[in-house]
Amino acid sequence: MSSSTPLVRRDLPHLLTPLPGPRAQAIIARDQKVLSPSYTRSYPLVADHGEGAIIEDPDGNRFLDFNAGIAVASTGHCHPEVVDAIQRQAARLIHMSGTDFYYENMVELAEKLAASAPGPGPWRVYFGNSGTEAVEAAMKLARYHTGREKFIAFYGSFHGRTMGSLSLTASKVVQRRGFGTLLPGVYHAPYPNPYRQPGEDGTCSVRWIEEQLFRTVLAPEDVAAIFVEPVQGEGGYIVPPPAFLRELRALADRHGILLVFDEVQCGMGRTGRLWAASHFGVTPDIFTTAKGLASGLPLSACIAKADIMQWRPGAHASTFGGNPVAVESALVTLSLVQRELAANAGRVGAHILERLRTWPVRFPNVGDVRGLGLMIGIELVKDQSTKERAPEVRDLLEQMAFERGLLVLGAGANTIRLCPPLILTEGQADFALDTLEECLQNLTR
Ligand code: PLP
């Protein structure tokens, strides 16, 4: 290489055109004529191909992806071992309907998931295609097993958009507006947020259920299950105080209520451990996984204690759930996550959090930084003393980062979420943080 050739690192962003470039613009114009306008696009990124934590658009611009397809591309984009497994399986058997017939890799994945569950088994596994399907399965199973009808979920939670899971979701009103009456008998309680309730150890949310809900509007013996995200995702990447899930477990046990952990976003190594539940030492009765499970192929699982998952043949099933190609991808993903990627998420996540720790002191718009592993939130405020939320600052930051080749998205009203692929290197993490620091400095100028 001649000394005048600039060194372009393939693991970092590189922009060639103003954004969006001409090819991206043409695709966006076609998209806008034909795709459902219900999709939320925060900035005009068109993905053409990806490798690791890098996405390249059709104009040759390279971006560092701190979204991972919203916590899905756990092993990075097109991990060679995942691609190889998908290609081999696609040439062997693409579909057979696991609800009606048997095939070995579905059994193998169920065995491995059951063996990895956060607590003593035995466990059984039901496969679906998406997070919402895993949650629907958990809702139906909880009703079937307990003979009870009602549910408790938390404000800020996101459990999906089909009618059952949407009834649990209490994230943004736009997700419910216009859709009429949802499932009756769903009650919501506050999710503990250490930044907004300093000093509170999380037990007040549990006391609120016992002392408010159970004394006024909801008989505990009518409740089938409590659904909770061990780390709240769409609601703003909120890590609850350790006592919260322990106390919730005790409350559920006192009243014969099932405890369901929705690990669709926080599971599969994202928090530095395979399941977020294991940070808190609490075992659920049922848990769900989806997003990162198959590195981008559609696959979800609802995993329950074996004595709970006792429903009759025909009670619940899905044509595509447990598709052999998605399952093969998940087998490789699970092995990579258990072997090295959860540990990498823990290590690189700790490095990011260490650097972020000074931000609330250095940047007046940064109210709070928090996270576990590579599930990290940066909360933007107008004023640090009042903690007034600043959604417009968050949106601007998202846009400024995009213009510098860094892909980040929001969560909740005013939080930037960092959920890069679990293969992220420290060098890539530092690039992203340098970029965000530069954006924050420009904001205050
Ligand atoms: N549960 C949680 C915790 C989620 O974050 C999501 C999606 O963001 C879902 C469920 C729904 O998953 P899907 O979009 O695959 O239906």
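All ligand and atom numbering here is 1-based and tracks the order in the structure. One is the number of the first residue; the rest follow in order along the sequence.
- Only side-chain heavy atoms of Glu234 come within less than 4.0 Å of ligand 1; its backbone N, CA, C and O stay farther off.
- For ligand 1 and Thr132, the ligand atoms under 4.0 Å from any heavy atom of the residue are 11 (C), 12 (O), 13 (P), 16 (O).
- Counting only heavy atoms of the protein, atom 12 (O) of ligand 1 lies nearest to Gly131 CA, 3.3 Å.
- Scanning all protein heavy atoms for the shortest distance to atom 1 (N) of ligand 1 gives Asp262 OD2, 2.7 Å.
- Less than 4.0 angstrom separates some heavy atom of Glu229 from each of these atoms of ligand 1: 3 (C).
- For a threshold of 3.5 Å applied to N or O pairs, the pair formed by Lys291 and ligand 1 contains at least one separation below that value.
- Of all non-hydrogen atoms in Pro44 and Ile28, the two that sit nearest each other are CB-CD1, 3.5 Å.
- A salt bridge between Glu210 and Arg207 is absent, with no side-chain N of the basic residue lying under 4.0 Å from a carboxylate O of the acidic one.
- Donor-acceptor pairing under 3.5 Å is recorded for the side chains of Thr415 and Arg370.
- Within 6.0 Å of the CD atom in Glu392, the count of heavy atoms belonging to other residues, nucleotides or ligands exceeds 12.
- Salt bridge absent: Arg92 and Glu328 never bring a charged side-chain N and a carboxylate O closer than 4.0 Å.
- Using a 4.0 Å cut-off between a side-chain N of Lys or Arg and a carboxylate O of Asp or Glu, Arg196 and Glu388 do not qualify as a salt bridge.
- The protein heavy atom nearest to atom 2 (C) of ligand 1 is Phe158 O, 3.1 Å.
- Residues Asp307 and Arg124 are not paired through a salt bridge, judged by the lack of any N-O separation under 4.0 Å between the basic side chain and the carboxylate.
- Residue-level proximity to ligand 1 for Ser130 is carried by backbone and side chain together, each with a heavy atom below 4.0 angstrom.
- In this structure, atom 5 (O) of ligand 1 lies nearest to the protein heavy atom Gln265 NE2, 2.8 Å.
- Within the 4.0 Å cut-off (strictly below), a protein heavy atom is located near atom 15 (O) of ligand 1.
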